[in-house]
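Below is one structure, written out as structure tokens, with a few remarks after it.
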Amino acid sequence: MAPTTTTVADEAKVASIKTLTGAELNSVPSEYTYIKDPNDQADASDPEHSIPIIDFAQLTSSSPDLRSKAIQDIGRACEEWGFFQVINHGVPESLMKSMIEVCHKFFDLPEEEKKEFQSRKLLEPIKCGTSFNVAIDKVRLWRDFLKVIAHPEFHSLHKPADYSEVSLEFSKQTRQVATELLNGISESLGLEAEYIAKAMNWDRGLQILAANYYPACPQPDQAIGIPPHTDHGLVTLLIQNDMGGLEVQHNGKWVLVDCAPGAFVVNIGDQMQILTNDKYKSVWHRAVVNNRATRISIAVPHGPALDTAALPIPELLGGEAPKYIGMSYEEFMELQASPAAYMMPCLDHLRVKADN
Ligand code: OGA
Ligand code: NI
């Protein structure tokens, strides 16, 4: 290893990727080196390149025909992709942009000011850091994060100045969209619109504002923002600045999500896969990095209440045996964050064994 690389690698032990990339950096330090399988790259020329589009205005329309079309579209998107984008959702694009801006300002704060929010606790109401969990990461991730719990209790930061106001409005409006989508998903399964919300104690459900900061990387092929994983909750809504980087696994291939400006990217999480006994899949996805500009994304996972355990919904089994045992959402999240389950398919721990 060249001596310069060693120096940079040592510096990399600092708190953030922001600090690391602030210095002139021509290569990826060894502890960040993550080589993707060359056969496992997204192919932008693939005709199957685009995730399905759901028109939220149809879903909330007073016309039963339009609404039932949107519900059918949601059902198909959940079965075939586990991912879709939502347009015409009514959340102002200016609010989405402001949310990205205030998060960007947070990442730009002096390291000293961010330090007080560094925590190892899983459900710390406000938490920032770098990588995934530096205590257990084998390879460091090319990202910093800020996770703030917005529901059932709203938490906020005093700095940057606008964070509180903007995040309150953004979390409320995003939650409303998520609630409508959850009800649409419930109906797409042939259930009453509020079936899943009631079963999962949605009124006490968890909502996290999880901002990701991915600075430009000198060798994007040698690093990763977030490696392949599934999300733990029911549905995640995601927005990003004008840089792409989210890739989704579809029919064995990686597809780069090319999202319409102002749209939400939505995906199904593990709890929904459990509820539907695998009909709707919590799909693998990852965040790749680029060498042009900083990418910021805000993922907003929505889950059940922490004390609530998802189990396959009896009405959906149609004679099939339930494939999962129950575990409270809090325990599930703890399991997912544990060293033993690092970026592993956590659902396997809950799967009923074939010979049981
Ligand atoms: C996540 C996630 C993807 C992205 O935060 O869980 O998958 O594009 N993020 O930032
Ligand atoms: Ni994710």
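Both counts, for ligands and for their atoms, begin at 1 and track the order of listing.
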Heavy-atom contact check, 4.0 Å cutoff: does L238 meet ligand 1?
yes
Should you measure from each heavy atom of N212, which atoms of ligand 1 turn up under 4.0 Å away?
5 (O), 9 (N), 10 (O)
I need the atoms of ligand 1 closer than 4.0 Å to a non-hydrogen atom of D231, numbered in the order shown.
6 (O)
Only N/O/S atoms count here: what is the atom of D231 closest to the Ni ion (ligand 2) called?
OD1
Angle class for the H285/F83 ring planes (parallel below 30°, perpendicular above 60°, tilted otherwise)?
perpendicular
Begin from the C-alpha positions of Y329 and H232 and carry the test ring-ring contact (aromatic ring centres under 6.0 Å, His included) through to its verdict.
CA-CA 8 Å; Y329 184 41; H232 43 67; 5.7 Å; yes
With a 4.0 Å cut-off on heavy atoms, is H229 touching ligand 1?
yes
Any idea which atoms of ligand 1 are less than 4.0 Å away from a heavy-atom of H285?
7 (O)
Out of V91, I54, L238, T236, which one pairs with F264 under the side-chain contact (heavy atoms from CB on, under 4.5 Å) rule?
V91
Donor-acceptor pair, distance only, cut-off 3.5 Å: does the side chain of Q207 make one with the backbone of S171?
yes
Does this structure show an ion pair linking R204 with D307, if we count only N-O contacts that are shorter than 4.0 Å?
yes
Can you find an N/O atom of R143 closer than 3.5 Å to an N/O atom of ligand 1?
no
Only one of Y214, W142, F145 passes side-chain contact (heavy atoms from CB on, under 4.5 Å) with I17; say which it is.
W142
Looking at ligand 1, does Q240 have a heavy atom less than 4.0 Å from it?
no
Should F145 be listed as contacting ligand 1, given a heavy-atom distance under 4.0 Å as the test?
no
I'd like to check which ligand 1 atoms, numbered from 1 as shown, lie under 4.0 Å from a non-hydrogen atom of A299.
5 (O)
Any side-chain to backbone donor/acceptor pair from Q85 onto A260? Under 3.5 Å, distance only.
yes
What atoms of ligand 1 come within less than 4.0 Å of a heavy atom belonging to S297?
4 (C), 10 (O)
Quick one: which ligand 1 atoms are inside 4.0 Å of a heavy atom on L246?
3 (C), 8 (O)
Does a side-chain heavy-atom distance below 4.5 Å link H302 with T174?
yes
Which residue and non-hydrogen atom of the protein lie closest to atom 4 (C) of ligand 1, and at what distance in Å?
Y214 OH, 3.4 Å
Go through ligand 1 atom by atom and flag the ones less than 4.0 Å from a non-hydrogen atom of I226.
1 (C), 2 (C), 5 (O), 9 (N)
If you measure from the Lys or Arg side-chain nitrogens to the Asp or Glu carboxylate oxygens, is any gap between D278 and K323 under 4.0 Å?
yes
With a 4.5 Å cut-off on side-chain heavy atoms, are L335 and E331 touching?
no
Can you tell me the protein heavy atom closest to atom 8 (O) of ligand 1 and the distance?
R295 NH2, 2.8 Å
